[in-house]
Number of protein chains: 2
Amino acid sequence: MTTMRDVAEHAGVSIATVSFVINNTKPVTQATRARIEASMEALGYRPNAVARALASRRTRVLALAYPALDHRLGGSGMEFMIAAARRAGEHGYHLMMWPGTNDGREMTDLLGQRMVDGVILMEVQLDDPRVRPLQASKTPYALIGRTADPSDSLHVDIDFEQTVTDAVRHLYDLGHRRIVLVTGTQVSESYYNYGPYVRTERAFVDVTARLGLEPVIVASGHDAGAGRELAQRLRTEQPDATAVVLLNEFAAIGLLIGLHHQQLRVPDDLSIVSMVTSDEMASLAEPTLTIMRSPGTELGELAVEHLVRQMTTGQRPDPVLLPSILVPGESTSPPPRTPIGRR
Amino acid sequence: MTTMRDVAEHAGVSIATVSFVINNTKPVTQATRARIEASMEALGYRPNAVARALASRRTRVLALAYPALDHRLGGSGMEFMIAAARRAGEHGYHLMMWPGTNDGREMTDLLGQRMVDGVILMEVQLDDPRVRPLQASKTPYALIGRTADPSDSLHVDIDFEQTVTDAVRHLYDLGHRRIVLVTGTQVSESYYNYGPYVRTERAFVDVTARLGLEPVIVASGHDAGAGRELAQRLRTEQPDATAVVLLNEFAAIGLLIGLHHQQLRVPDDLSIVSMVTSDEMASLAEPTLTIMRSPGTELGELAVEHLVRQMTTGQRPDPVLLPSILVPGESTSPPPRTPIGRR
DNA sequence: CTGAAAGCGCTAACAC
DNA sequence: GTGTTAGCGCTTTCAG
């Protein structure tokens, strides 16, 4: 393995000078710089990242912390990870995966190893136990999502408030007056106080109030099976509903299928909007889904971007809430004359 | 930050002794060991991973290399990554993401940084330029997939041969005699010589020959749209087909929708088997898909498992080919009396 | 069983 | 502009 010392000898300079040209950290004459670069090339020299990290106290590695158990990381979670890794690379950083529990102790251990310069937290809960250790260790971090008090952390998130408002507004403009919001069940602990649900529900209550509508909220599971069952439940529990907004794409497609089994037509009998959904998922449905497209890729890039900025400037950038974009599909239309439960 | 030296002083021993208890690398009396552990606890000591890595020449980090551009990493790609990261953690390793081009030079640079102890390569091509640098650097590595000469690398892979054979056999046993294989188009360079396609097609030719059937192969795009169009094409180009095996889950669901639009019933008019597909995806289809379930999670775990074993024992474990399991859905049944193109 | 000391390969003062 | 050198925090001989 060729080291800096080898390069220095080969070029007839000291290792300090080699370091200066590699890091561009002090002026070096064009001549010696050229000589050194030639030597590096000739010897196939590659700086040892570990040694650099130890000496400089910067590893140039970021961590991506996410819950190991949950299979909740759907399509947009994947987008997020991939985008974050790519952007990190563009900034000269590597991305390390940190699957884990939502555990503060674990975070403390990981941070203690001093293996990363910064951390990105996925699936943040309103009261997330991982945040305190991060603050205590003074490690720069970014949340994807928000804690209860968003002001104390750098974060990027989907603008759930805006998203649900836009979704409801879209349906309202089509003429719908009985709109049901389907959130996830909060039974499992990891979903309790799950920001996206809480925020969306709250905003839904607000927007329906402003429009003079009743805020009907139904909880459902996160898979296609739960969605299928939902078709039944809606009919009996919400006979007057003419439109549904869902927070889960699997449930949305399941609902579509369930309705089909009941000889109900979408959108003629019921309109459907699926939030936090990707175009790919929308295209798998029949009819194709009207969605609020989740900005997974943009969030991943932004999280890295802002984290790196904080690390280099020392100042925390303002939080960013990204809107979801309404992508019309075939699952929305004006309401039927007779709601599904009144036939 | 508390270092090993602090612990040593606090416990009244030398740093070497502290190191011995941490790494369990030399006998230490119960008494001093207890004293040291107490000191570590009291001071909240956490070993510095970077310093350890430099001194021991082992970083305890594995890299997961995958193509950055392609969005090909579907559901099972995600499963694989998550599973690999989890398993790596269980073995005391971290997983670092290495998005990249299929480029040998890039691999050389990354390896030169000596930041990882081993590498897992995803989306391996038959003639993958990343393999040579890996061998040259003597870095242990595992392929998920196979090169043209599988004997020269540790690898784990889906047993495509077995999978397509089982799929065809399943249909044959139901009575089908005109079975079409739908592979992906190999237009883009990154799909050219893509192992899964090549192997599957070859095995398909074999199994149909053994069964006395014609080996009909059709190429299609990788999304739902391409699948929809396929419905049309099959009808005209393959009028006698009674069953289809697809290599892409998006195309499979698209085909289902396309057939539905043509008033064709699945499975009554045409049977469908979708390979490399997850249960979740199968449940999104109507009717639910009969699939060959891709062992994404198992592969991820196995890749790490074998790589770690090679690193610790120094011997390369045998390759493993995992079968896909036939999970019956609603999309297969005995063939119709009249094929779709003969009405 | 424990300690002293020589690195691991590089960065970053500080001196020249 | 360039060189000398003291670490970074730990592992690992080698003595004792």
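To find a chain, count down the sequence lines: A is the first, B the second, and so on, and within it residues start at 1.
- Although no hydrogens or angles enter the test, the distance criterion places no donor-acceptor pair under 3.5 Å between the side chain of A:His91 and the main chain of A:Gly89.
- If you check every strand for non-hydrogen atoms under 4.0 Å, A:Ser56 touches sugar and phosphate atoms only.
- Atom CE of B:Met1 is separated from atom P of D:dC8 by 9 Å (rounded to the nearest Å).
- The side chain to side chain donor-acceptor pair (under 3.5 Å) check on B:Asp128 picks up B:Arg130, with sequence neighbours excluded.
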For nucleotides 13-16 of chain D, print each protein N/O atom paired with a nucleotide N/O atom at under 3.5 Å, atom names and distance only.
residue : atom : partner : partner atom : Å
D:dC14  : N4   : B:Lys26 : NZ           : 2.8

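- Residue B:Gly100 comes nearest to B:Glu106 through the heavy atom pair CA-OE1, 3.4 Å, listed as atom of the first residue, atom of the second, then distance.
- In this structure a side-chain-to-backbone donor-acceptor pair under 3.5 Å is missing from B:His94 to A:Met97.
- Between the CG atom in B:Leu134 and the CG atom in B:Leu121 there is a gap of 6.0 Å [rounded to 0.5 Å].
- Summarising the geometry, the separation between CZ on B:Arg57 and C1' on D:dC10 is reported as 11 Å, rounded to the nearest angstrom.
- Counting only distance, with no hydrogens or angles, the side chain of A:Arg199 and the backbone of A:Arg146 share a donor-acceptor pair below 3.5 Å.
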**Request:** Take A:Tyr45 and A:Ser39, measure what side-chain hydrogen bond (donor to acceptor under 3.5 Å, both in side chains) needs, and give me the verdict at the end.
**Result:** CA-CA 8 Å; A:Tyr45 171 71; A:Ser39 296; over 6 Å; no
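- A distance-only check finds a donor-acceptor pair linking the side chain of B:Arg35 to the backbone of B:Ala11 [under 3.5 Å].
- Put simply, the side chain of B:Ser56 gets close to the backbone of B:Arg52: a donor and an acceptor are under 3.5 Å apart.
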**Item:** side-chain hydrogen bond (donor to acceptor under 3.5 Å, both in side chains) evaluation trace for A:Asp149 with A:Ser151
**Value:** CA-CA 5 Å; A:Asp149 180 7; A:Ser151 70; 2.8 Å; yes
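- B:Leu321 approaches B:Ile158 most closely through the heavy-atom pair CD2-O, 4.5 Å.
- Listed in residue order, the members of residues 33-53 of chain B having a heavy atom less than 4.0 Å from DNA chain C come to none.
- Within residues 3-15 of chain A, the residues approached by DNA chain C to less than 4.0 Å at the level of any non-hydrogen atom are A:Thr3, A:Met4, A:Ile15, in residue-number order.
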Would you mind writing out the side-chain donor-acceptor pairs for residues 107-115 of chain A within the sub-3.5 Å range, not counting sequence neighbours?
residue  : atom : partner  : partner atom : Å
A:Thr108 : OG1  : A:Gly104 : O            : 3.0
A:Asp109 : OD1  : B:Arg46  : NE           : 2.5
A:Asp109 : OD1  : B:Arg46  : NH2          : 3.0

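- Put simply, A:Thr32 has a side-chain N or O that comes within less than 4.0 Å of OP1 or OP2 on D:dT2.
- Chain B approaches DNA chain C within less than 4.0 angstrom (heavy atoms of the protein), and the contacting nucleotides run 5' to 3' from C:dC1 to C:dG9.
- Note that CE of B:Met96 is 3.5 Å distant from CE of A:Met96, once rounded to the nearest 0.5 Å.
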